[in-house]
Amino acid sequence: MSRRTMVRPGGRSARVQASVHAAVRELEAEVGREALTVPLVATRAGVTPSTIYRRWGDLQELLSDVAVERLRPETEPPDRGSLRSDLEAWAEQFLEEMSAPTGRAYVRDALLGDPDGSNAGQCSAYAAEQIEVILDRAAGRAETAPDVETVLDRVVAPMMYRILFRPEGLDTAYARQLVAGLVATTDR
(Lines give C-alpha, C1' and ligand atoms only; values in the text may rest on other atoms or scores of the structure.)
Protein backbone atom coordinates (compact mmCIF):
# COMPACT_ATOMS: atom_id res chain seq x y z
CA MET A 1 0.00 0.00 0.00
CA SER A 2 1.26 3.48 -0.86
CA ARG A 3 2.38 5.78 1.90
CA ARG A 4 -0.06 8.36 0.58
CA THR A 5 -3.10 6.10 0.93
CA MET A 6 -2.26 5.17 4.52
CA VAL A 7 -2.29 8.76 5.74
CA ARG A 8 -5.53 9.82 7.30
CA PRO A 9 -6.94 13.15 6.15
CA GLY A 10 -6.95 16.18 8.39
CA GLY A 11 -4.91 17.13 11.41
CA ARG A 12 -1.14 17.37 11.55
CA SER A 13 -0.67 14.98 8.64
CA ALA A 14 -2.68 17.20 6.30
CA ARG A 15 -0.80 20.29 7.50
CA VAL A 16 2.56 18.58 6.90
CA GLN A 17 1.50 17.48 3.42
CA ALA A 18 0.23 20.96 2.56
CA SER A 19 3.38 22.71 3.78
CA VAL A 20 5.72 20.23 2.05
CA HIS A 21 3.77 20.44 -1.21
CA ALA A 22 3.82 24.24 -1.03
CA ALA A 23 7.56 24.19 -0.33
CA VAL A 24 8.18 22.01 -3.40
CA ARG A 25 6.13 24.33 -5.64
CA GLU A 26 7.81 27.48 -4.29
CA LEU A 27 11.32 26.05 -4.53
CA GLU A 28 10.74 24.73 -8.04
CA ALA A 29 9.81 28.26 -9.09
CA GLU A 30 12.74 29.85 -7.24
CA VAL A 31 15.69 27.50 -7.76
CA GLY A 32 14.48 25.01 -10.35
CA ARG A 33 13.63 21.36 -10.08
CA GLU A 34 17.24 20.19 -10.48
CA ALA A 35 18.31 22.04 -7.33
CA LEU A 36 15.65 20.46 -5.09
CA THR A 37 16.82 18.30 -2.22
CA VAL A 38 14.95 16.78 0.69
CA PRO A 39 16.80 18.97 3.24
CA LEU A 40 16.02 22.12 1.23
CA VAL A 41 12.32 21.21 1.00
CA ALA A 42 12.22 20.26 4.69
CA THR A 43 13.74 23.57 5.75
CA ARG A 44 11.26 25.55 3.65
CA ALA A 45 8.32 23.47 4.93
CA GLY A 46 9.39 23.72 8.56
CA VAL A 47 9.75 19.97 9.05
CA THR A 48 12.72 17.67 9.51
CA PRO A 49 14.15 15.72 6.57
CA SER A 50 13.26 12.52 8.43
CA THR A 51 9.59 13.55 8.28
CA ILE A 52 9.82 13.68 4.49
CA TYR A 53 11.77 10.42 4.23
CA ARG A 54 9.32 8.67 6.56
CA ARG A 55 6.26 9.96 4.68
CA TRP A 56 7.46 9.85 1.06
CA GLY A 57 10.59 7.68 1.03
CA ASP A 58 12.70 9.85 -1.25
CA LEU A 59 12.64 13.03 -3.31
CA GLN A 60 11.26 11.30 -6.42
CA GLU A 61 8.27 9.91 -4.50
CA LEU A 62 7.65 13.36 -3.04
CA LEU A 63 7.78 14.97 -6.49
CA SER A 64 5.45 12.25 -7.71
CA ASP A 65 2.95 12.97 -4.94
CA VAL A 66 3.06 16.70 -5.71
CA ALA A 67 2.56 15.99 -9.42
CA VAL A 68 -0.49 13.79 -8.80
CA GLU A 69 -2.02 16.52 -6.67
CA ARG A 70 -1.35 19.11 -9.38
CA LEU A 71 -2.95 16.86 -12.02
CA ARG A 72 -6.21 16.75 -10.03
CA PRO A 73 -8.95 18.66 -11.91
CA GLU A 74 -10.15 21.73 -10.07
CA THR A 75 -13.67 21.86 -11.50
CA GLU A 76 -16.25 19.66 -13.18
CA PRO A 77 -16.20 19.64 -16.97
CA PRO A 78 -18.44 22.32 -18.46
CA ASP A 79 -21.90 21.37 -19.71
CA ARG A 80 -22.04 22.26 -23.41
CA GLY A 81 -25.41 20.66 -24.01
CA SER A 82 -24.52 17.42 -25.82
CA LEU A 83 -22.31 14.39 -25.36
CA ARG A 84 -20.15 15.29 -28.33
CA SER A 85 -19.71 18.94 -27.30
CA ASP A 86 -18.98 18.00 -23.68
CA LEU A 87 -16.43 15.34 -24.65
CA GLU A 88 -14.78 17.60 -27.23
CA ALA A 89 -14.39 20.47 -24.74
CA TRP A 90 -13.02 18.12 -22.08
CA ALA A 91 -10.66 16.30 -24.47
CA GLU A 92 -9.33 19.58 -25.88
CA GLN A 93 -8.62 20.93 -22.40
CA PHE A 94 -7.09 17.62 -21.26
CA LEU A 95 -4.82 17.49 -24.31
CA GLU A 96 -3.79 21.13 -23.92
CA GLU A 97 -2.95 20.76 -20.23
CA MET A 98 -1.21 17.38 -20.47
CA SER A 99 0.79 18.18 -23.62
CA ALA A 100 2.15 21.48 -22.27
CA PRO A 101 5.71 21.21 -20.94
CA THR A 102 4.51 21.50 -17.34
CA GLY A 103 1.80 18.88 -17.86
CA ARG A 104 4.27 16.45 -19.41
CA ALA A 105 6.68 17.06 -16.52
CA TYR A 106 3.90 16.33 -14.00
CA VAL A 107 3.01 13.11 -15.82
CA ARG A 108 6.66 12.02 -15.83
CA ASP A 109 7.05 12.87 -12.14
CA ALA A 110 3.82 11.09 -11.24
CA LEU A 111 5.01 7.92 -12.97
CA LEU A 112 8.68 8.02 -11.93
CA GLY A 113 7.99 8.03 -8.21
CA ASP A 114 5.32 5.37 -8.42
CA PRO A 115 6.76 2.02 -7.31
CA ASP A 116 3.35 0.40 -6.74
CA GLY A 117 1.36 1.99 -9.57
CA SER A 118 -1.00 3.90 -7.30
CA ASN A 119 -0.19 7.31 -8.83
CA ALA A 120 -0.98 6.11 -12.33
CA GLY A 121 -4.21 4.70 -10.97
CA GLN A 122 -5.05 7.99 -9.29
CA CYS A 123 -4.38 9.98 -12.46
CA SER A 124 -6.59 7.57 -14.38
CA ALA A 125 -9.29 7.91 -11.72
CA TYR A 126 -9.24 11.72 -12.15
CA ALA A 127 -9.92 11.33 -15.88
CA ALA A 128 -12.56 8.66 -15.27
CA GLU A 129 -14.38 10.87 -12.75
CA GLN A 130 -14.50 13.74 -15.24
CA ILE A 131 -15.72 11.45 -18.02
CA GLU A 132 -18.36 9.95 -15.75
CA VAL A 133 -19.80 13.43 -15.13
CA ILE A 134 -20.05 13.94 -18.89
CA LEU A 135 -21.64 10.53 -19.47
CA ASP A 136 -24.14 11.03 -16.63
CA ARG A 137 -25.20 14.32 -18.22
CA ALA A 138 -25.62 12.59 -21.57
CA ALA A 139 -27.77 9.90 -19.95
CA GLY A 140 -29.88 12.64 -18.35
CA ARG A 141 -30.47 14.03 -21.85
CA ALA A 142 -31.39 10.51 -23.09
CA GLU A 143 -28.34 10.44 -25.38
CA THR A 144 -26.70 7.15 -26.27
CA ALA A 145 -23.30 7.13 -24.62
CA PRO A 146 -20.39 4.73 -24.30
CA ASP A 147 -19.12 3.57 -20.93
CA VAL A 148 -16.20 5.19 -19.11
CA GLU A 149 -13.71 2.47 -20.09
CA THR A 150 -14.52 2.91 -23.77
CA VAL A 151 -13.87 6.65 -23.55
CA LEU A 152 -10.61 5.98 -21.73
CA ASP A 153 -9.55 3.46 -24.38
CA ARG A 154 -10.65 5.44 -27.44
CA VAL A 155 -9.91 9.04 -26.39
CA VAL A 156 -7.64 9.27 -23.35
CA ALA A 157 -5.25 6.40 -24.11
CA PRO A 158 -4.33 7.58 -27.64
CA MET A 159 -3.83 11.14 -26.38
CA MET A 160 -1.58 10.00 -23.54
CA TYR A 161 0.46 7.82 -25.90
CA ARG A 162 0.97 10.76 -28.23
CA ILE A 163 1.73 13.16 -25.36
CA LEU A 164 4.40 10.85 -23.96
CA PHE A 165 5.93 9.41 -27.11
CA ARG A 166 4.92 11.46 -30.18
CA PRO A 167 4.00 14.97 -29.02
CA GLU A 168 4.72 16.70 -32.32
CA GLY A 169 1.70 18.14 -34.08
CA LEU A 170 -0.79 17.59 -31.28
CA ASP A 171 -3.64 20.07 -31.45
CA THR A 172 -7.31 20.39 -30.65
CA ALA A 173 -8.21 18.92 -34.04
CA TYR A 174 -6.66 15.62 -32.89
CA ALA A 175 -8.82 15.60 -29.73
CA ARG A 176 -11.95 16.40 -31.77
CA GLN A 177 -11.08 13.63 -34.25
CA LEU A 178 -10.86 11.05 -31.45
CA VAL A 179 -14.18 12.17 -30.00
CA ALA A 180 -15.86 12.20 -33.42
CA GLY A 181 -14.70 8.62 -34.03
CA LEU A 182 -16.03 7.52 -30.66
CA VAL A 183 -19.37 9.29 -30.99
CA ALA A 184 -19.87 7.98 -34.53
CA THR A 185 -19.57 4.39 -33.30
CA THR A 186 -21.85 5.12 -30.34
CA ASP A 187 -24.60 6.50 -32.56
CA ARG A 188 -24.87 3.30 -34.64
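For Ala120, the side-chain contact (heavy atoms from CB on, under 4.5 Å) partners two or more places apart in sequence, or in a different chain, are Leu111, Asp114. Residues satisfying the salt bridge (charged side-chain N to carboxylate O under 4.0 Å, His left out) test with Glu26, not counting sequence neighbours, are Arg44. For Arg33, the salt bridge (charged side-chain N to carboxylate O under 4.0 Å, His left out) test picks out Asp109, with sequence neighbours left out. Partners of Thr51 under the side-chain contact (heavy atoms from CB on, under 4.5 Å) rule, at least two apart in sequence or in another chain, are Val16, Val47, Thr48, Arg54. With sequence neighbours excluded, the residues forming a side-chain contact (heavy atoms from CB on, under 4.5 Å) with Arg80 are Pro78, Ser85, Asp86, Ala89, listed by chain and number. Residues passing the side-chain hydrogen bond (donor to acceptor under 3.5 Å, both in side chains) test with Asp147 are Thr150, sequence neighbours excluded. Not counting sequence neighbours, the partners of Glu97 by the side-chain hydrogen bond (donor to acceptor under 3.5 Å, both in side chains) test are Gln93. Take Arg104 and apply the side-chain contact (heavy atoms from CB on, under 4.5 Å) test, not counting sequence neighbours, and it matches Arg108, Ile163, Pro167. Checked against side-chain hydrogen bond (donor to acceptor under 3.5 Å, both in side chains), Gln122 has no partners two or more places apart in sequence or in another chain.
The two residues Val156 and Ile131 have their closest heavy-atom pair at CG2-CD1, 3.8 Å. Ala180 and Arg84 make their closest contact through CB-NH2, 3.1 Å (heavy atoms, listed as atom of the first residue, atom of the second, distance). Among all heavy-atom pairs drawn from Leu71 and Met98, the shortest one is CD2-CE, 3.3 Å. The two residues Trp56 and Gln17 have their closest heavy-atom pair at CH2-CA, 4.1 Å. Closest approach of Leu178 and Arg154 over heavy atoms only: CD2-O, 3.8 Å. Taking each heavy atom of Leu27 and Leu40 in turn, the nearest pair found is CD1-O, 3.7 Å.
Put simply, the side chain of Thr43 gets close to the backbone of Pro39: a donor and an acceptor are under 3.5 Å apart.
The CG atom of Leu62 sits 10.5 Å away from atom OH of Tyr53, with the distance rounded to the nearest 0.5 Å. Note that the CE atom of Met159 and the CG atom of Leu152 stand 10.0 Å from one another [nearest 0.5 Å]. Leu36 contributes atom CG, which lies 10.0 Å from atom CD of Glu30 (distance to the nearest 0.5 angstrom).
Applying the side-chain hydrogen bond (donor to acceptor under 3.5 Å, both in side chains) test to every pair with at least one member in residues 158-174, sequence neighbours left out, gives these pairs: Thr172-Arg176. Residue pairs meeting the salt bridge (Lys or Arg N to Asp or Glu O under 4.0 Å) criterion with at least one partner in residues 123-139, sequence neighbours excluded, are Glu76-Arg137. Residue pairs satisfying the ring-ring contact (aromatic ring centres under 6.0 Å, His included) criterion with at least one member in residues 76-96, sequence neighbours excluded, are listed as follows: Trp90-Phe94.
In this structure, the side chains of Asp58 and Val38 stay at 4.5 Å or more apart for every pair of heavy atoms. Taking the side chain as every heavy atom from C-beta outward, Cys123 and Val68 approach each other to under 4.5 Å. The shortest side-chain heavy-atom distance between Leu83 and Pro146 falls under the 4.5 Å cut-off. Residues Leu63 and Val24 have side chains in contact (heavy-atom distance under 4.5 Å, counting atoms from C-beta outward).
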Take Leu182 and Leu87 through the test side chain to side chain contact (heavy atoms under 4.5 Å, CB included) and record every step on the way to the result. CA-CA 10 Å; Leu182 172 68; Leu87 277 176; 4.1 Å; yes
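In this structure, Leu164 is a member of the same hydrophobic cluster as Val155, with clusters built from ILVMFWY side-chain heavy atoms closer than 4.5 Å. No continuous path of ILVMFWY side-chain contacts below 4.5 Å connects Val41 to Leu112, so the two sit in separate hydrophobic clusters.
Using a 4.0 Å cut-off between charged nitrogen and carboxylate oxygen, Asp65 and Arg70 do not count as a salt-bridge pair. Using a 4.0 Å cut-off between charged side-chain N and carboxylate O, Arg25 and Glu28 make no salt bridge.
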